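One structure below.
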Amino acid sequence: MPELPEVHTTVKGLKKFIIGKTIKSVWSDFHIGAKYNNKENIKNESYLKKFKELVEGTRIKSAERIGKNILIHLNNKHSIIIHMKMTGNLVYDKEVKFVHLKFTLSNNKKLILSDMRKFASITISPTIELQNHERISKLGVDALDPKLTSKKFFECLYNKRGPIKSVLMDQESIAGLGNIYTDEILWESGVHPLSHPDKIPETKYKEIFKVMKKILHFSIKQGGDSKSDYRNIFGEKGNFQNFHKVYGRKSKKCPKRGCSGIIKRQTIGGRSAHFCPKHQIMYK
DNA sequence: ACTAGCCCCTGGGAGC
DNA sequence: TGCTCCCAGGGGCTAG
């Protein structure tokens, strides 16, 4: 379940090892992009053919992250867009299971997309049209965009409908947060996940914003979260799962100092939310 | 236009 | 030990 820190960690690795390399060849078994039978995706044989034609022989210029998406910019004015969804991993020059896409690079090393559940999506777009691409254009401001101020953060969220947990996870409000980080952020901010966005005071949004940045930066320092399947490009685990305060800690004691609450798990917006019913205040 | 809920997958864990 | 069932959750899609 790669979220912002995990995608960030992967892209950091890509930047270090694949920039400047030429992609000699592309291989895929078609068994990926489970959701995208009728869309532009390499599960479709003719799309893979087109993808290969565009990609083979080009040089990798740069890599970046937007929300949970990985962009790999090529020197032929095209960019590969990868979303790892739940169990996708990009690994460099390493034997792994569940290989569905393989790039052989000019140094004869391989960049591999491994994905147990085959949900990952890979597509390609002219670089100049990226901003209008359906996968990119709808995204809200990136959670770690330096231009995202506390005030902007508040303005992006307070008038949205639905529980704050779902609004934070909605990539169209703020891009990059998923289930684990929203649980952790709301726990530390002391905000109940079912709170109504328009009832949370602006000062509280300031705190959520601060906590969000702190937790995301901390997780990046830890190499991301590997409670589930995430691995960096060397196939190594991150450490953030060892610092979870609420996620995956149902029925355990709330770790906040002086709080005697018991962590509760409840489905919110179709996802399992973990929170402390005692110190996380419900604004409604 | 909006939204709740289903679905794409498969490994791992719980329960029997 | 081995079988069955349920769960993980990003996000596209569809029915209401």
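Letters A, B, ... mirror the listed sequences (proteins, then strands); counts begin at 1. Bear in mind the structure is a predicted one, so any value in this text is a computation, not a measurement.
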Can you list, by chain and residue number, the hydrophobic cluster partners of A:I262 when the side-chain cut-off is 4.5 Å? none

Reckon A:K68 has a side-chain N or O less than 4.0 Å from the OP1 or OP2 of C:dG11? yes

Listed range with range, the stems formed with DNA chain C by at least 3 consecutive Watson-Crick or G-U pairs (under 3.5 Å) are B:2-8 with C:10-16, B:10-16 with C:2-8

Distance check: side-chain N/O of A:Q171 vs OP1/OP2 of C:dG11, anything under 4.0 Å? yes

Keeping to residues at least two apart or across chains, list the ring pair (Phe, Tyr, Trp, His ring centres under 6.0 Å) pairs with something in residues 74-94 of chain A. A:F17-A:Y92

Which of residues 264-273 of chain A sit near DNA chain C, with a heavy atom under 4.0 Å from it? A:R265, A:R271, A:S272

Is there a side-chain polar atom (N or O) of A:K118 under 4.0 Å from OP1 or OP2 of B:dC8? no

I need the full list of ring pair (Phe, Tyr, Trp, His ring centres under 6.0 Å) pairs touching residues 264-284 of chain A, with sequence neighbours left out, sorted by first then second residue. A:W187-A:H279, A:H192-A:F275, A:Y247-A:H274

Separation between the P atoms of C:dG11 and B:dA1, rounded to whole Å: 23 Å

For A:R117 and A:R161, find the nucleotide of DNA chain B closest to each by heavy atoms; which residue's nucleotide sits nearer the 5' end? A:R161

Can you name the side chain to side chain donor-acceptor pair (under 3.5 Å) partners of A:K214, sequence neighbours left out? A:E188

Any residue meeting side chain to side chain contact (heavy atoms under 4.5 Å, CB included) with A:F209, in chain and number order, not counting sequence neighbours: A:L148, A:S150, A:F153, A:M212, A:K213

If the threshold is 4.0 Å, N to carboxylate O, is there a salt bridge linking A:K152 and A:E155? no

Could you give all pairs that pass the side chain to side chain donor-acceptor pair (under 3.5 Å) test and reach residues 167-177 of chain A, with sequence neighbours left out? none

For A:M116, the hydrophobic cluster (side chain heavy atoms closer than 4.5 Å, chained through members) also holds A:F98

Distances under 3.5 Å only, N/O to N/O: pair up the protein atoms with those of nucleotides 12-15 of chain B.
none

Expressed as a whole number of angstroms, how long is the span from A:M86:CE to B:dC8:C1'? 11 Å

Suppose we call two aromatic rings close when their centres sit under 6.0 Å apart. Are A:F218 and A:F243 close by that rule? yes

Which residues share a side chain to side chain contact (heavy atoms under 4.5 Å, CB included) with A:S166, sequence neighbours left out: A:P163, A:I268

Just checking A:M84: base, sugar-phosphate only, or nothing, at a heavy-atom cut-off of under 4.0 Å? nothing

Test side chain to side chain contact (heavy atoms under 4.5 Å, CB included) applied to A:S79 - qualifying residues, sequence neighbours left out: A:H73, A:T127, A:L130

